[in-house]
Amino acid sequence: MGELETEEQKTRVEIASYLRQLADQLDGGDAVTLELGNQRVDLDPVDPITFKLEGESDWAEGDTEAKQSIEFELVWWREAQTTEEGALNIEQTEP
């Protein structure tokens, strides 16, 4: 088990660059490295991969702002017979 989830404020350009690097890693067919904040994890997606995409807007009467978001998720299944085989190895990186 394990999960890498962090939040950072970035510019549109920084996010686009990050997503391009991720796309290049996926296209290359090898493991991908996710690095956010001071955490890093390597994952090795295998076909078939389910691609989930969501666009959302959250606004209520009386609000002066609407929270809008784009979320995407890639899901795949790997063989794992033990907890170790199914776990993520999340590493701390230098700040």
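Values in this document were obtained by computation on a predicted structure and should not be read as measured data.
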Nearest-0.5 Å distance, CD of residue Q9 to CD1 of residue I15 | 9.0 Å
How far apart are the closest heavy atoms of V46 and W76, and which atoms are they?
-> O-CB, 3.4 Å
side-chain contact (heavy atoms from CB on, under 4.5 Å) filter on E65, not counting sequence neighbours, yields none
Nearest-0.5 Å distance that lies between atom CD in Q25 and atom CG in L34 | 7.5 Å
Roughly how far, to the nearest 0.5 Å, is CG of L19 from CZ of F72?
-> 5.0 Å
Hits for side-chain hydrogen bond (donor to acceptor under 3.5 Å, both in side chains) against T33, two or more places apart or cross-chain, chain-then-number order -> D42
What pairs of donor and acceptor atoms, side-chain ones from residues 48-62 against any protein atom, are under 3.5 angstrom apart with sequence neighbours left out?
unit_1	atom_1	unit_2	atom_2	d
S57	OG	Q68	NE2	3.4
W59	NE1	D63	O	3.3

More than 12 non-hydrogen atoms from neighbouring residues, nucleotides or ligands closer than 6.0 Å to CD on E7, yes or no?
-> no
With sequence neighbours excluded, tell me which residues meet side-chain contact (heavy atoms from CB on, under 4.5 Å) with E91.
-> R40, N89
Atom CG in L26, atom CG in L74: separation rounded to 0.5 Å?
-> 6.0 Å
Does anything in residues 13-35 pair up under salt bridge (Lys or Arg N to Asp or Glu O under 4.0 Å), and if so which pairs, sequence neighbours excluded?
-> none
Within one Ile-Leu-Val-Met-Phe-Trp-Tyr cluster: W77 and V32, side-chain cutoff 4.5 Å | no
Between R78 (side chain) and D44 (backbone), is there a donor-acceptor pair under 3.5 Å?
-> yes
Pairing residues for E8 by the salt bridge (Lys or Arg N to Asp or Glu O under 4.0 Å) criterion, not counting sequence neighbours = K10
